[in-house]
Novice: 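Sharing a structure, written as structure tokens. Questions coming.
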Amino acid sequence: MSSSAQTSTKRSGSWLSRFIVKSIVVLTGLAVSGVLLVVLALALAWPNLPDLTAMTDYRPRIPLRIYTADKVLIGEFGEERRNVMPFNEIPDVMKSALLAAEDDRFYQHGGIDLRGVARAAITNMLSMRKSQGASTITMQLARNFYLSSEKTYTRKFYELLLTFKIEATLTKDQILDLYMNQIYLGHRSYGFPAASRTYFGKSLTEVTLAEAAMLAGIQRAPSRYNPITNFAESTRQQQGVLRRMLDLGYITQDEYETARAQKIEIRSALGTPAGGYAIHGEYAAELARQLLYNVYQDNIYSRGFNIYTTINSKDQEAAYLSVRDGILNYTRRKPFPGPEGQISLAEGIEQDADALNDILDEVQRDHPDTGDLLTGVVLSASPTKLTVARSADNIIDITDKRALGIVARALAPNATEGQRLTRGSVVYLFKNPESWEVVNMPAVQAALIAIRPQDGAIQAMVGGFHFADGKFNRVTQAWRQPGSAFKPFIYASSLEKGLTPGTQIADTPFQLTREQTGSRAWNPKNYGGRYEPMLTMRQGLYKSKNMVSIRIMQAVGPQYVQDYITRFGFDRERNPAVLPLALGAGSVTPLQLAGAYSVFANGGYKVQPYLIDYVTDSNDQVVMRAKPVVAGDANAQVIDPRTAYVMNDLLRGVATSGTGARASATLKRNDIGGKTGTTNNSLDAWFAGYTPDLVSIAWMGFDRPQSLGSGETGGGVSMPIWINFMREALAGKPNVPLGPMPSGLTKANGDYYYSEFPPGVAIERVGLPSAMDNFVSDVPDDGINSLLQGLQNDDNVYDDSPQSFATP
């Protein structure tokens, strides 16, 4: 080799050596720089990572739950529905299904699955976008607790750091435990225990392999893959999980085949958003929520509070059914107004199940089922047969004459266009024991409240026909005229002024002239226009005579009566000191009336109605407890015990021989006291009744007052609601006698006398015809004029003002 070639070779080797050396130096520098950058990033980011208190001291967002006194769930409030289950109680089949679906190497990797990362990196590079992730269960948990779901490199970096921290702090079982109780699985269900109840109506400990696989497949896209929203897609995901479990050796071939073939039944458990509740306590639950909200504000929805109300579940359901039956019975009696809507149905569409179901689904969205009133579309209509479709495979024929009679006018040839039932008419169906029937959606409303008179504990509360139509609670918020149901309080005031049940009172017509009222004449009338010369106080109450009540109030003085009734809890400003008050022309709520009648029932003590018995936190520690006033407390006595005794005797007579006689006769009890109430033009209908152990008030009317109809009375529409409720509430309970007379009260010739008003001293007669005008001078004319004008304005007996209520 020549010297020049050797020189060239040496130069080339020298350059290559220098290049290699320089490359090594550069790469080493880059590596060191990279390490330094990573260290710097870690140094800056690690201290900013959140501590893991939320995991190590796990306090899940548990919703507010509301129970009856006998621990039946009636309400749940909060965005997250969760039933936390200890890890050792979660079945292995559920754990295996989840690992197969999400992270089968969970127990092998250290929080990051390198195989998954490599796969995701290649996919993302090929697509030139961040389209796929490689999230392990630990990474998902980090994101779920502390980070957002956005796909950015910064968030991913923090996620990786958090993953390492979690893996270094918690055991694998602890991580899986948190994940299985925390992850969102659709329909407001968080965690697999809650999801099992939402979708299958059972505890997670009871799920089968097929059901566990379906639950495990939801997590990837809860809004799309849950079986309520999309059963077909949920089933596809389930089959994929089962195949993966087989491939991993978690299940055998036989188990796989059995699970694949199992028919999944979707049935939401009671007490879940999709499943509803075992009893209808919506109005009571909402009121309990409002009361606790006043104390804790928004914090009540995630702290795991449990409210235990005073509601009795058996009584509550009886109240709900009684109110519903009363409203439907009234609605049936009234002319059918016509269908809820009208759609066009192509001829023969019944033969195309899918097309018909699509139409019916659309109708259901516009006219949803309301409790047990179910939406349907008429397929054919005639006076002898009505065919209604609920779905393509649920066609109902109505041929029962009584059921057809409800809509007879709408089936007649001369029915008006808006009233006629024809093909395509949208109707509501109701299943009674005998047959299906078509019933229009009720416009009338009713309410029932029942309380324990010894301490005011509310046993049942129904504030309207259907809670979902609006949360307006007519028990606590509807201010209505009580009519004759108010008269007992007028009578009670007179007993302490010297009148007795035997006092003779004029029943002749009463009137005030325009000069006396300052406006227009007032000519009150007895119901039915029947009058008698004189009646005893007892007779006047039994027959609910308006003239007798007016003259009693006139005799003792309107101002005294107004002062007296406030002892029972009535609002002074809503019950002016004027004579029309004797006819119940003021305003009360059903709850107020129940509290007032409790004073009679318990011997003269004012107890405050209350709903919440006690409240516990997520650790079952009592944080609030009611301390109700109890009958017998001397500080709570508001009327003379003798007055309570005499009024109990009188009101038992009303329920035996007077306007409320149907109550005692139907229930076959002699310990019932009560009073009907019907306001002018039948705007409001009441029955207030009680035993020594239970006071119940039933009301019916329209929200915007209008007549219930000619001849509709409290005895006709509200008493049946009360009777049906009390039949269940009093079942098996013995009659309670009136008891011994209080001291200072005697009975002579069948009448009761106070010791300070013995025979000869007590007032014997009121309002003799010859002296009838002697009482008019006591009447405050301006007050009468004002109230008479108010009675013409229906709006003054419907009020949305906040209810007054006792809190623990």
Side-chain angles (χ1 to χ4, degrees), residues 60 79-107 133 135-137 140-141 144 149 175-276:
E79 287 302 313
E80 300 183 7
R81 299 295 194 262
R82 197 186 303 276
N83 300 88
V84 177
M85 180 176 287
F87 186 67
N88 61 347
E89 295 181 15
I90 296 176
D92 289 340
V93 68
M94 188 68 250
K95 297 172 186 174
S96 297
L98 174 62
L99 293 176
E102 291 296 320
D103 189 356
D104 59 271
R105 299 187 66 254
F106 172 72
Y107 280 96
S135 295
T136 63
I137 282 177
Q140 292 181 50
L141 194 65
N144 190 270
S149 297
I175 294 170
L176 193 58
D177 180 10
L178 288 171
Y179 184 92
M180 298 190 78
N181 278 297
Q182 175 74 16
I183 204 71
Y184 178 61
L185 294 165
H187 281 272
R188 298 167 70 186
S189 299
Y190 287 77
F192 288 97
S196 178
R197 296 183 67 245
T198 296
Y199 300 124
F200 306 134
K202 60 173 68 174
S203 168
L204 187 62
T205 59
E206 302 174 284
V207 296
T208 65
L209 170 58
E211 291 167 339
M214 183 167 281
L215 290 176
I218 295 173
Q219 192 277 329
R220 296 177 184 175
S223 62
R224 294 202 338 259
Y225 295 164
N226 78 76
I228 291 179
T229 302
N230 191 337
F231 184 77
E233 184 59 36
S234 182
T235 301
R236 191 178 72 81
Q237 293 294 321
Q238 173 216 36
Q239 297 298 317
V241 174
L242 288 172
R243 282 193 301 272
R244 185 65 177 153
M245 293 179 76
L246 178 64
D247 293 341
L248 292 168
Y250 292 170
I251 58 177
T252 66
Q253 184 69 37
D254 287 343
E255 289 172 328
Y256 170 71
E257 296 296 343
T258 300
R260 279 193 65 196
Q262 180 185 332
K263 183 178 180 180
I264 300 292
E265 180 181 356
I266 305 304
R267 183 183 67 251
S268 298
L270 293 171
T272 64

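FYI, the numbering just counts along the sequence from 1.
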Novice: For Gln219 and Tyr225, run side-chain contact (heavy atoms from CB on, under 4.5 Å): C-alpha distance rounded to whole Å, both residues' side-chain angles, the deciding distance at 0.1 Å, then the answer.
Specialist: CA-CA 8 Å; Gln219 192 277 329; Tyr225 295 164; over 6 Å; no

Novice: Once you round to the nearest 0.5 Å, how far does CG of Asp104 lie from CE of Met245?
Specialist: 11.5 Å

Novice: Which pair of non-hydrogen atoms, one from Ala259 and one from Ala210, has the smallest distance, and what is that distance?
Specialist: O-CB, 3.5 Å

Novice: Indicate the atoms forming the closest heavy-atom contact of Leu185 with Pro222, along with that distance.
Specialist: C-CB, 3.8 Å

Novice: Answer whether the closest heavy-atom distance between the side chains of Ile183 and Phe192 falls below 4.5 Å.
Specialist: yes

Novice: Any idea which heavy atoms bring Ile251 and Leu246 closest together, and the distance?
Specialist: O-CD1, 3.6 Å

Novice: I need the Leu215 CG to Tyr199 OH distance, nearest 0.5 Å.
Specialist: 8.5 Å

Novice: Nearest 0.5 Å, what's the OG1-CD distance between Thr208 and Gln262?
Specialist: 3.5 Å

Novice: What are the two closest non-hydrogen atoms of Tyr190 and Gln182, and how far apart are they?
Specialist: CD2-O, 3.6 Å

Novice: Would a distance-only check, ignoring hydrogens and angles, find a side-chain to backbone donor-acceptor pair under 3.5 Å from Glu206 to Ser203?
Specialist: yes

Novice: Can you give me the closest heavy-atom contact between Ala97 and Val241, atom names plus distance?
Specialist: O-CG1, 3.7 Å

Novice: Enter the distance from Phe231:CZ to Gln238:CD here, rounded to the nearest 0.5 Å.
Specialist: 7.5 Å

Novice: Which heavy atom of Phe200 sits nearest to which heavy atom of Glu265, and what is that distance?
Specialist: CD2-O, 3.9 Å

Novice: side-chain contact (heavy atoms from CB on, under 4.5 Å) for Leu98 and Phe106? Distances and angles first, verdict last.
Specialist: CA-CA 10 Å; Leu98 174 62; Phe106 172 72; over 6 Å; no

Novice: Strictly distance-based, threshold 3.5 Å: is any side-chain N or O of Asn181 a donor or acceptor partner for the main-chain N or O of Met85?
Specialist: yes

Novice: What I'd like to find out is whether the side chain of Ile218 reaches to under 4.5 Å of the side chain of Pro227, using heavy atoms alone.
Specialist: yes

Novice: Taking Lys95 for the side chain and Met180 for the main chain, is one N or O donor matched with an acceptor at less than 3.5 Å?
Specialist: no

Novice: Walk me through it: do Ile137 and Leu99 pass the test side-chain contact (heavy atoms from CB on, under 4.5 Å)?
Specialist: CA-CA 9 Å; Ile137 282 177; Leu99 293 176; 3.9 Å; yes

Novice: May I ask you to decide if Ala101's main-chain N or O and Arg220's side chain share a donor-acceptor pair within less than 3.5 Å?
Specialist: yes

Novice: Enter the distance from Glu211:CD to Leu204:CG here, rounded to the nearest 0.5 Å.
Specialist: 10.0 Å

Novice: Hey, what do you get for NE2 (His187) to CG (Asn226), rounding to the nearest 0.5 Å?
Specialist: 4.0 Å

Novice: Start with the C-alpha distance between Ile264 and Thr235, add both sets of side-chain angles, then the distance that settles side-chain contact (heavy atoms from CB on, under 4.5 Å), and finish with yes or no.
Specialist: CA-CA 9 Å; Ile264 300 292; Thr235 301; over 6 Å; no

